[in-house]
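Below is one structure, written out as C-alpha cells; comments come after it.
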Amino acid sequence: MGIVGWIVLGLIAGAVAKLLLPGRDPGGLIGTTLIGVAGAFTGGWLSARFLDRPISNEFFDGPTWLAAIGGSLVLLIGFRLLFGHSRR
C-alpha cells in the first residue's frame, strides 16, 4: 500500500476514532483528520516494530485497519489531554 493508501486509511481511521470518542476537539475537523492520518502511520509503524506484524500491501487488511484506528485513538486522546476537551 502506497502513501496515498495510508492517507486514505488515516482519513477513515480518524473518522472512526472521532465516532468512538465523541466531543469537541481543539483542532476541529481538520485537526482530527490530521490526527487520523498521523495515527494511521504511527499505528502501522508500532504494529510492525513491536508486535512483529508486517505491514500488509492490501488495503482491506483487518489488522492494518485495527492498528490505524488504534493509533488514531491514542493520538486523539493524547491531543485532548494536552490541549483540552473543547474549543474556547
Side-chain angles (χ1 to χ4, degrees):
M1 182 165 46
I3 189 80
V4 174
W6 277 102
I7 291 172
V8 171
L9 177 67
L11 293 172
I12 297 169
V16 170
K18 181 67 176 166
L19 287 173
L20 293 174
L21 292 173
R24 299 183 82 173
D25 294 318
L29 180 64
I30 295 172
T32 303
T33 303
L34 294 176
I35 288 172
V37 173
F41 283 106
T42 304
W45 178 77
L46 288 173
S47 175
R49 178 82 174 164
F50 296 109
L51 299 178
D52 198 30
R53 170 79 175 111
I55 297 172
S56 175
N57 288 331
E58 306 265 337
F59 185 75
F60 294 107
D61 182 45
T64 301
W65 279 86
L66 289 176
I69 292 169
S72 297
L73 285 170
V74 168
L75 289 183
L76 184 58
I77 290 169
F79 189 70
R80 285 183 178 180
L81 288 174
L82 288 175
F83 297 106
H85 291 286
S86 63
R87 289 178 269 174
R88 291 179 173 84

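When all heavy atoms of Gly36 and Ser72 are compared, the pair lying nearest together is O-OG, 3.2 Å.
The hydrophobic cluster containing Ile35 also contains Val16, counting ILVMFWY residues as joined when their side-chain heavy atoms lie under 4.5 angstrom apart, directly or transitively. If you chain together hydrophobic residues whose side chains sit under 4.5 Å apart, Trp65 and Val4 fall into the same group. Cluster annotation: Ile12 is not connected to Leu19 through the hydrophobic network of ILVMFWY side chains, with a link wherever side-chain heavy atoms come within less than 4.5 Å. Both Val8 and Val37 belong to a single network of hydrophobic side chains, linked directly or stepwise wherever heavy atoms of I, L, V, M, F, W or Y lie under 4.5 Å apart.
Residues satisfying the side chain to side chain contact (heavy atoms under 4.5 Å, CB included) criterion with Ala68, sequence neighbours excluded, are Leu9, Ala13, Ala40. A search for side chain to side chain contact (heavy atoms under 4.5 Å, CB included) contacts involving Leu34 returns Ile30, not counting sequence neighbours. In this structure, the side chain to side chain contact (heavy atoms under 4.5 Å, CB included) partners of Ile77, at least two apart in sequence or on a different chain, are Leu21, Leu81.
Within the structure, salt bridge (Lys or Arg N to Asp or Glu O under 4.0 Å) pairs that include any residue of residues 2-13 do not occur (at least two apart or interchain). Residues in residues 8-20 take part in these side-chain hydrogen bond (donor to acceptor under 3.5 Å, both in side chains) pairs, two or more places apart or across chains: Lys18-Asp25.
Leu11 places a side-chain heavy atom less than 4.5 Å from the side chain of Thr33. Here the side chains of Leu75 and Thr42 are in contact, with some heavy-atom distance below 4.5 Å.
Expressed to the nearest 0.5 Å, how far CG of Leu20 lies from CG of Leu76 amounts to 9.5 Å.
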